[in-house]
Amino acid sequence: MLASISRRGILAIYAVIIIVPITVVLFGSFKSTQELFEGPFSLPQSLAPDNFAEVIGGQDLGSSFLNSVIVTGISVPITLFIASLAGYAVARLRGFASWAIFGFLVLGMAIPAQANMVPLYVLFGRMGLLDNLTGLIVANIVSTLPIAVFILGGFMRTLPKELYEACSIDGTGPWRTYVSIALPLSAPSIAAAAIFLFVIHWNELLYPLLFIQSPGNRTLPLALLSFQGEFQTNYPLLFAGVILASLPVVVAYVFLQRYFVAGITAGASKG
Amino acid sequence: MSTHTGTAAKRKAPDSTTEAESKKRRSPTRVNPALYLFPLPAVAIIAVFLVMPTLQAFQYAITDWNGFSAAFNYVGVDNFVRAFTKDSLFTNALTNNLKFVLLVVIAQTLFSLLLALLLTRNSRGNVVLRALFFFPTILSSVSVAFIWKFIYDPNFGLANSALGAIGLDGLQGSYLGNNSQALYWVAVTQVWFHAGQMMVVYIAGLQAIPRELYEAAEMDGANKWQQFKSITWPFVAPATSIVVAYTTVQSFKAFDLILGIAGNPPKGSLDILSTRIYSTFANSEFGYAAAQSIIFMGMIALVTWLQRRLLRLTPKGE
């Protein structure tokens, strides 16, 4: 009895600690600063999207949004493609070759991005990848390729080898087997990996901060960060930015929740 | 029962012959060499953009290169000596970071285990609460930072408003403005951010524990705490090792959250290793920043190793 009451109590309190701030941010994005400070918990007096108009138009978050869409829209599929090719080879090769390739690719997970930012910056400078979206796409691919190989290769290895063998006996080449057997059968793990990559690439801050100079090339997280200095306590404006930056991920979460949990947990179990 | 094993055996028999046959068939058919082309793009990318730069970091670390001039000198271990003995900014960031990691690892591991224990069963209500508790994980660090900046705002913030509303004005504080507490409040934010993610890892571990064990323990008269100590905790050891390792790396790298909540560059009481490396880099001390990066990597490895030793988190039966 007592245990059940304290169980419910803990869960209820924590639910409040998550729901209330998020509701305040959502309501607050429609308020004026004064309205927010006077009644942070109250419903907004009007739903006029003034703050959104200001951040999208006035502060040019609209173009940052577009940049984020371009970068993520390109970097996620490319990472998935390259990682699935490698994962497929790892699943089909045998013995030392398979083990060595997988080990080499996955080892990268142990290197934190902040640890090689200086050499990476120098390298990107030499390759003309600073201050443009291509550089951000390359950086996203590099930083998440190891974990994508880990997720996809790990899954493709569990598919029965006979499936692949049957195809090669028919004389089908490895490319056809990859397209018509490996990819369709791995759909669940590809979906999970896609979600995981989408969240990481969409929210990435370090690389834009390192590489991007021109305001026109900012992605959303970097544009938001630059708000922090400019609008110290203009919370409604900050909140409108938060909503805009979170919207695509939240919408995806509502519809694809199962894959989110699978993907992000697969990413976490890398340890 | 006997028919069941009978069919199983029958089913197994042809299986094993095909396996033997396919082995016979497999050994002469060599691996198609074209398969070696498939991992090439990934291997090339990792070699050029990850392995090479990491090795280069070691080279830069023993120079005084400023990132622009062609000339630089090899200075041996000077950068490392400077970091540990002459640079109070660095030792401050190191201390903060270790404190932060310790706080977050302990709090997040225990809290996510608690949530998982309360939500282990797959009832409808539990599934909804899990989805809610998981939610913050998908937000960007900068978004989470802004949400909590407002919660902690000393004048208009949610925390002080809520405390005032329930008559606890005495507990109101300035949170991030208080230098001796700021790091603790960011640790609270970090746990809010990622506890739901770790909860999911724990739930998977908890659901794999056979129910019969608890039933047997109950018959032996073991109380809840004894059951937790002798069944639950040992059985979730693999999950704990994942949670602890992941949380450690995550809180070492709390770069985005710190910059979002404290600004760039953060004030001293909130400076951690990754933000310090970035500031050193932004100050065009490339050689010194590379040395700090290597210390940073070393610290992550050291702490992870220490935890494994201290917690003896080797999964059972492996």
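Just so you know, these numbers use all the heavy atoms, side chains as well, and skip hydrogens, waters and symmetry mates. Every value quoted in this text rests on a predicted model; they were computed, and no experiment measured them. So you know, we letter chains A, B, ... as the sequences are listed, proteins then strands, and number each from 1.
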**Study point:** Heavy-atom contact with chain A under 4.5 Å, split by part of B:Ala262
**Key:** backbone

**Study point:** Residue part contacting chain B, namely of A:Tyr121, when any heavy atom lies under 4.5 Å
**Key:** side chain

Exercise for review: Give, as side chain, backbone, both or neither, the part of B:Phe281 having an atom under 4.5 angstrom from any heavy atom of chain A.
Suggested key: side chain

Check your understanding: A:Leu222, A:Leu105, A:Val90, A:Val20: which one forms the most heavy-atom pairs within less than 4.5 Å of chain B?
Key -> A:Leu105

Practice item. Please work out which of the three classes, parallel, tilted or perpendicular, describes the rings of B:Phe156 and A:Phe37, given edges at 30° and 60°. Key: parallel

Practice item. Among the options B:Val43, B:Ile261, B:Ile147, pick out the one with the most heavy-atom pairs lying under 4.5 Å from chain A. Key: B:Val43

Check your understanding: Between A:Tyr178 and B:Leu35, is a side-chain contact (heavy atoms from CB on, under 4.5 Å) present by the stated rule, with each step listed?
Key -> CA-CA 10 Å; A:Tyr178 163 78; B:Leu35 267 177; over 6 Å; no

Point to revise | Under 4.5 Å from any heavy atom of chain A - which part of B:Leu273 | key: neither

Review point. Quick one: which residues of residues 292-299 of chain B reach chain A at under 4.5 angstrom, heavy atoms only?
Key: B:Ser293, B:Phe296, B:Met297

Check your understanding: Could you give the distance from CD1 (A:Ile10) to CG (B:Leu114), rounded to the nearest 0.5 Å?
Key -> 5.0 Å

Review point. Would you find a donor on one side and an acceptor on the other, under 3.5 Å apart, between the side chain of A:Trp202 and the backbone of B:Leu139?
Key: no

Point to revise | Separation of A:Ser4 OG from B:Leu118 CG (nearest 0.5 Å) | key: 10.5 Å

Revision key, fill the gap. Answer key: most heavy-atom pairs under 4.5 Å with chain A among B:Pro41, B:Ala290, B:Gly260, B:Ala289 is B:Gly260

Check your understanding: Heavy-atom distance under 4.5 Å to chain A: side chain of B:Ala195, backbone, both or neither?
Key -> side chain

**Study point:** Under 4.5 Å from a heavy atom of chain B, the part of A:Val138 involved
**Key:** side chain

Study note, to complete from the structure: Between A:Pro146 and B:Leu50, the two heavy atoms sitting closest are CG-CD2, 4.2 Å

Check your understanding: If you measure from CD1 on B:Ile46 to CD1 on A:Ile111, what distance do you get to the nearest 0.5 Å?
Key -> 8.5 Å

Check your understanding: Which value, rounded to the nearest 0.5 Å, describes the distance between A:Ile243 atom CD1 and B:Ser143 atom OG?
Key -> 8.5 Å

Practice item. With sequence neighbours left out, write down each residue that passes side-chain contact (heavy atoms from CB on, under 4.5 Å) with B:Leu55, or none if nothing qualifies. Key: B:Val51

**Study point:** Residue part contacting chain B, namely of A:Ile101, when any heavy atom lies under 4.5 Å
**Key:** side chain

Revision key, fill the gap. Pair count under 4.5 Å, heavy atoms only, with chain A: among B:Tyr60, B:Phe38, B:Phe49, highest is B:Phe38

Practice item. Select one option (side chain, backbone, both, neither) describing which atoms of A:Leu123 are under 4.5 Å from chain B's heavy atoms. Key: side chain

Check your understanding: Does any heavy atom of chain B fall under 4.5 Å from the side chain of A:Phe198, the backbone, both, or neither of them?
Key -> neither

Revision key, fill the gap. Ranked by heavy-atom pairs below 4.5 Å to chain B, first place among A:Val122, A:Val25, A:Ile22, A:Thr79 goes to A:Val122

Study note, to complete from the structure: Checked B:Ala42, B:Ala57, B:Ala34, B:Gly287 vs chain A; the most non-hydrogen pairs under 4.5 Å come from B:Ala42

Study note, to complete from the structure: Rounded to the nearest 0.5 angstrom, the OG-CD distance for B:Ser161 and A:Glu38 is 12.0 Å

Exercise for review: Identify the heavy atoms of A:Met117 and B:Ser274 that sit nearest to each other, and give their distance.
Suggested key: CE-O, 4.3 Å

**Study point:** Partners meeting salt bridge (charged side-chain N to carboxylate O under 4.0 Å, His left out) with A:Arg218 (sequence neighbours left out)
**Key:** none

Check your understanding: What part of B:Phe286 lies closer than 4.5 angstrom to a heavy atom of chain A: side chain, backbone, both or neither?
Key -> both

**Study point:** Toward chain B, the part of A:Val261 with a non-hydrogen atom under 4.5 Å
**Key:** both

Review point. Quick one: of B:Ile138, B:Leu117, B:Leu158, who has the most non-hydrogen atom pairs under 4.5 Å with chain A?
Key: B:Ile138

Review point. What distance separates A:Leu225 CG from B:Ser140 OG, expressed to the nearest 0.5 Å?
Key: 10.0 Å

Review point. Relative to chain A, which segment of B:Asn155 carries a heavy atom at a distance below 4.5 Å: side chain, backbone, both, or neither?
Key: neither

Point to revise | Engaged part of A:Val249 at the chain B interface, taking heavy atoms whose separation is under 4.5 Å | key: both

Point to revise | Contact origin within B:Leu37 toward chain A - heavy atom pairs under 4.5 Å | key: neither

Check your understanding: Looking only at heavy atoms, which two atoms of A:Pro174 and B:Asn32 are closest? And how far apart?
Key -> CD-ND2, 3.2 Å

Review point. When only heavy atoms count and the cut-off is under 4.5 Å, which of residues 126-136 of chain B reach chain A?
Key: B:Asn126, B:Leu129, B:Ala131, B:Leu132, B:Phe133, B:Phe134, B:Phe135, B:Pro136

Point to revise | Contact origin within A:Ile19 toward chain B - heavy atom pairs under 4.5 Å | key: side chain

Point to revise | Audit row: B:Phe150, A:Phe239, ring-ring contact (aromatic ring centres under 6.0 Å, His included) steps and yes/no | key: CA-CA 10 Å; B:Phe150 182 59; A:Phe239 290 171; 5.3 Å; yes

Point to revise | Side-chain donor/acceptor of B:Asp256 to backbone N/O of A:Leu206, under 3.5 Å | key: no

Review point. So which part of A:Ala97 gets closer than 4.5 Å to some heavy atom of chain B, the side chain, the backbone, both or neither?
Key: side chain

Check your understanding: When you look at A:Leu209 and B:Leu259, which way does the side-chain contact (heavy atoms from CB on, under 4.5 Å) test go after all the steps?
Key -> CA-CA 11 Å; A:Leu209 192 63; B:Leu259 288 192; 3.4 Å; yes

Check your understanding: Can you tell me if CZ on A:Phe27 sees more than 12 non-hydrogen neighbours from other groups inside 6.0 Å?
Key -> yes

Review point. Who wins among A:Leu210, A:Val149, A:Val118 for the most heavy-atom pairs under 4.5 Å with chain B?
Key: A:Val118

Point to revise | Ring-ring centroid check B:Phe111 A:Tyr14, cutoff 6.0 Å | key: yes

